[in-house]
Amino acid sequence: MDILMFSTRCSKRLSQRKLRLLFVMILTLCAVIFTGCSGKTETTGVTATAERTTLSTTVGITSTTAASTMKLTSSAFHNNSAIPVKYANTGVPGGQNISIPLGWQDAPAGTKSFAISIIDTSANNWVHWMVINIPAATTSLPEGASGKKMPAGSKELTNTFGTPGYGGPQPPPGSGPHNYVTTIYALNVDTASMSEQPAADRFEQALDGKVLAKTSLTGMFSQ
């Protein structure tokens, strides 16, 4: 009889333990499910952030694509080819310091003016030509335009030689080919203001937030 009662008590205790264990397991399972749901929400948040980032990047790409559709050419030389000597500065044998002819097309909608720069990226960003406030209707600059046939309202800034307008290539003899990068900027403003002789980086900074598109043409010159 005592043995039977003891067995009965043991069975009840075991059942209670099983119930407790089952209860703990249920609580644990609920916690796991809740955590999983929370993790999904966080993941959704990350996904939303990623989508926003992707959208922002896509907008940037669209802007870059717009820039790449605008074309800049010169009848004097092709991209990544030699600049004829007559466009070099007068300190170069045969140089006449005639500004290079330029033509552009496919500017984006909303363009209100253009700016142009020619930078020798092989000589610590030496400035050879900077022009701002070129009217939006302009699509070209003829050979020798600097100082003589510039569009009305445009403004030529001072180059690194210390003279206003165009200063042709004049690399040190024996220094090898220099890269002269001509860039045209389509701007969303009618006029841009900056110092009379900005460095290349200052020129870019002054145009920051105003550039709808830009494209470049590179010519080489050596002596």
Side-chain angles (χ1 to χ4, degrees), residues 59-84 86-89 96-122 125-160 164-169 178-194 198-221:
V59 171
I61 290 173
T62 301
S63 176
T64 303
T65 302
S68 66
T69 61
M70 188 166 67
K71 299 178 182 66
L72 176 65
T73 58
S74 176
S75 58
F77 61 94
H78 298 295
N79 190 40
N80 294 320
S81 65
I83 299 173
K86 74 174 180 177
Y87 302 108
N89 215 313
Q96 301 176 44
N97 204 41
I98 299 172
S99 60
I100 61 175
L102 295 171
W104 55 91
Q105 61 188 58
D106 298 331
T111 298
K112 295 183 178 180
S113 69
F114 296 100
I116 288 175
S117 67
I118 298 181
I119 308 295
D120 181 356
T121 59
S122 305
N125 291 332
W126 186 284
V127 175
H128 286 265
W129 201 15
M130 283 182 175
V131 188
I132 56 175
N133 306 337
I134 301 172
T138 309
T139 57
S140 65
L141 292 177
E143 178 181 281
S146 180
K148 299 175 183 177
K149 304 179 236 179
M150 296 299 293
S154 63
K155 181 178 180 179
E156 296 184 273
L157 304 177
T158 302
N159 55 50
T160 307
Y166 177 84
H178 283 224
N179 293 315
Y180 296 86
V181 181
T182 303
T183 304
I184 185 164
Y185 305 79
L187 307 179
N188 60 8
V189 293
D190 294 307
T191 58
S193 59
M194 61 186 72
D201 58 340
R202 296 293 185 183
F203 184 80
E204 289 268 356
Q205 289 172 13
L207 299 182
D208 186 41
K210 304 177 181 67
V211 179
L212 296 174
K214 65 179 182 178
T215 189
S216 297
L217 170 71
T218 300
M220 272 91 77
F221 191 84

For [X] versus [Y], what's the shortest heavy-atom pair and its separation?
| X | Y | value |
| --- | --- | --- |
| Met194 | Leu157 | SD-CD1, 3.6 Å |
| Ala88 | Phe221 | CB-CZ, 3.7 Å |
| Leu187 | Phe114 | CD1-C, 4.5 Å |
| Asn179 | Ser122 | N-OG, 2.9 Å |
| Ala206 | Ser193 | CB-O, 4.2 Å |
| Leu212 | Ala109 | CD1-O, 3.9 Å |

Report the distance from atom [atom1] of [X] to atom [atom2] of [Y], rounding to the nearest 0.5 Å.
| X | Y | atom1 | atom2 | answer |
| --- | --- | --- | --- | --- |
| Tyr185 | Leu207 | OH | CG | 6.5 Å |
| Asp106 | Thr215 | CG | OG1 | 10.5 Å |
| Ile100 | Ile83 | CD1 | CD1 | 6.0 Å |
| Met130 | Lys155 | CE | NZ | 13.0 Å |
| Trp126 | Asp120 | CH2 | CG | 9.0 Å |
| Leu141 | Met150 | CG | CE | 5.0 Å |

Tell me whether [X] contacts the main-chain N or O of [Y] through its side chain, where contact means a donor paired with an acceptor under 3.5 Å.
| X | Y | value |
| --- | --- | --- |
| His128 | Ile119 | no |
| Asn188 | Lys112 | no |
| Asp190 | Ser113 | no |

Subject >> Parallel, tilted or perpendicular: rings of His178 and Tyr180 (30°, 60°) >> reply: parallel

Original post:
Which is it for Leu72 and Leu102 under the side-chain contact (heavy atoms from CB on, under 4.5 Å) test, yes or no, and what are the steps along the way?
Top reply: CA-CA 7 Å; Leu72 176 65; Leu102 295 171; 4.3 Å; yes

Subject >> Non-hydrogen side-chain atoms of Trp129 and Thr182 separated by less than 4.5 Å >> reply: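 Result no, sub-4.5 Å side-chain heavy-atom pair not found.
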
**OP:** Dump the intermediate steps for side-chain hydrogen bond (donor to acceptor under 3.5 Å, both in side chains) on Glu156 and Tyr166, then the final yes or no.
**Re:** CA-CA 8 Å; Glu156 296 184 273; Tyr166 177 84; over 6 Å; no

Original post:
For Ile116 and Thr183, what are the C-alpha separation, side-chain angles and deciding distance, and is it a side-chain contact (heavy atoms from CB on, under 4.5 Å)?
Top reply: CA-CA 6 Å; Ile116 288 175; Thr183 304; over 6 Å; no

**OP:** Have a look at Ile184 and tell me which of Met70, Lys214, Lys71 forms a side-chain contact (heavy atoms from CB on, under 4.5 Å) with it.
**Re:** Met70

